[in-house]
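Have a look at the structure below before the remarks.
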Amino acid sequence: RAVSLHPRPRMRTRLGCLSHKSDSCNDFTAILPDKPNRALKRLSTEEATRWADSFDSLLSHKYGVAAFRAFLKTEFSEENLEFWLACEEFKKTRSTTKLASKAHRIFEEFIDVQAPREVNIDFQTREVTRNNVQEPSLSCFDQAQGKVHSLMEKDSYPRFLRSKIYTDLLTQTQRRLS
């Protein structure tokens with residue numbers, strides 16, 4: 001049997017379909033939490049449009065976070081948002097006994113070298129965070145979280161606003177009005 005060095009056309013077509021579908025969001029059930037149809041009905045065009053005003057506006061809305069997460073999955077970079085959200089949740093920890101275990105879990109999952117969902121931060125920030133986690137406080141991830149927030153805001157967020165996921169979402173909310 002001859003071995004072809006070129007991918008089979010059918011495989012290329014399948015991959016093309018996958019990549020095309022991954023940035024489309026005609027079916028919003030995949031991104032919206034809690035009863036998606038009801039959620040989409042509650043999301044106003046004004047609210048979805050407000051997400052374009054600022055990155056923090058997007059992050060403060062649960063459906064904005066869900067849409068942004070769906071977009072990041074298409075770029076294989078959802079670990080950035082997951083880390084940021086884990087830090088936000090960590091800051092709500094009131095139990096000093098849980099603080100250390102939560103800090104170590106976040107560090108091992110997102111910060112440590114070769115972590116399963118390692119975020120892209122510089123060596124110095126990684127080391128500062130490693131030291132902070134030795135005696136954890138509610139602010140031990142602040143520097144790393146700030147770097148990841150800045151990275152998402154400057155890099156992923158502008159692409160999200162131009163993505164088919166976001167434009168389809170706006171279109172869906174506008175269609176409801178007509």
Side-chain angles (χ1 to χ4, degrees), residues 6-37 39-40 43-45 47-91 105-126 129 141-175:
H6 303 289
R8 290 187 206 130
R10 194 171 20 178
M11 180 59 91
R12 204 177 309 132
T13 303
R14 281 188 193 148
L15 290 174
C17 287
L18 284 174
S19 66
H20 175 71
K21 280 183 186 173
S22 69
D23 189 33
S24 178
C25 211
N26 291 325
D27 177 14
F28 293 99
T29 57
I31 66 164
L32 295 174
D34 323 324
K35 300 187 177 54
N37 292 334
L40 192 56
L43 179 63
S44 70
T45 302
E47 188 63 51
T49 304
R50 210 174 297 136
W51 300 344
D53 294 342
S54 79
F55 185 51
D56 290 325
S57 176
L58 173 75
L59 292 178
S60 69
H61 196 279
K62 75 176 181 177
Y63 301 142
V65 169
F68 190 53
R69 178 183 284 124
F71 169 73
L72 290 175
K73 283 182 180 181
T74 69
E75 294 200 332
F76 305 100
S77 63
E78 70 265 25
E79 71 279 353
N80 293 323
L81 179 62
E82 298 304 330
F83 169 69
W84 187 86
L85 291 169
C87 291
E88 289 299 292
E89 194 59 37
F90 176 78
K91 290 175 188 175
R105 192 174 31 227
I106 291 171
F107 185 85
E108 289 169 5
E109 186 173 353
F110 297 104
I111 302 293
D112 210 1
V113 177
Q114 301 295 312
R117 294 164 39 162
E118 184 179 357
V119 292
N120 185 11
I121 56 173
D122 59 272
F123 174 79
Q124 184 180 0
T125 302
R126 188 177 319 278
T129 307
F141 293 106
D142 285 359
Q143 185 177 350
Q145 186 185 20
K147 299 265 182 174
V148 169
H149 181 281
S150 180
L151 177 71
M152 290 190 299
E153 186 173 29
K154 290 178 182 147
D155 190 43
S156 305
Y157 174 62
R159 284 197 309 277
F160 167 73
L161 295 176
R162 294 187 304 267
S163 73
K164 190 159 174 39
I165 287 175
Y166 181 61
T167 56
D168 283 356
L169 184 64
L170 282 176
T171 302
Q172 290 276 52
T173 61
Q174 290 164 346
R175 265 193 212 137

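Along the sequence shown, residues carry numbers from 1. As the structure is a prediction and not an experimental result, all values here were calculated from the model.
The shortest side-chain heavy-atom distance between Lys147 and Asn120 does not fall under the 4.5 Å cut-off. Side chains of Arg126 and Glu118 form a contact here, defined as non-hydrogen atoms less than 4.5 Å apart. Contact of the Arg69 side chain with the Leu85 side chain is registered, since non-hydrogen atoms from C-beta on lie closer than 4.5 Å. Under the 4.5 Å side-chain criterion, counting only non-hydrogen atoms from C-beta, Leu43 is in contact with Leu169.
In this structure a side-chain-to-backbone donor-acceptor pair under 3.5 Å is missing from Thr125 to Ala144. Between the side chain of Asp112 and the backbone N or O of Ala115, no donor-acceptor pair lies under 3.5 Å. For the pair Thr171 (side chain) and Thr167 (backbone), a donor-acceptor distance under 3.5 Å is present.
Rounding to the nearest 0.5 angstrom, the gap separating the OG atom in Ser44 from the OH atom in Tyr63 is 11.5 Å. Remark: Leu151 CG to Asn80 CG distance equals 5.5 Å, nearest 0.5 Å. Here the CZ-CD1 distance, from Phe141 to Ile106, works out to 4.5 Å after rounding to the nearest 0.5 Å. A distance of 10.5 Å separates CZ of Phe83 from CD of Glu88, quoted to the nearest 0.5 Å. Considering CD of Glu75 and CG of Asp155, their distance stands at 7.0 Å, rounded to 0.5 Å. The CG atom of Leu59 lies 5.5 Å from the NE2 atom of His149; values are rounded to the nearest 0.5 Å.
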Fill in: Pair Val148-Phe110, side-chain contact (heavy atoms from CB on, under 4.5 Å): steps then yes or no
CA-CA 11 Å; Val148 169; Phe110 297 104; over 6 Å; no
Practice prompt. For the pair Phe160 and Leu72, evaluate side-chain contact (heavy atoms from CB on, under 4.5 Å) and give the outcome as yes or no after the intermediate values.
Written response: CA-CA 8 Å; Phe160 167 73; Leu72 290 175; over 6 Å; no
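The only option from Glu78, Glu109, Glu108 that meets the side chain to side chain donor-acceptor pair (under 3.5 Å) definition with Arg117 turns out to be Glu109.
Closest approach of Met152 and Leu81 over heavy atoms only: SD-N, 3.6 Å. Listed here is the closest heavy atom pair of Leu170 and Ala48: CD2-CB, 3.6 Å. Contact record, Pro158 with Glu153: CD-O, 3.2 Å, taken as the closest heavy-atom pair.
Ring geometry for Phe68 versus Phe55: interplanar angle over 60°, hence perpendicular rather than tilted (30 to 60°). Relative orientation of the Trp51 and Tyr166 rings is tilted, given thresholds of 30° and 60° on the angle between their planes.
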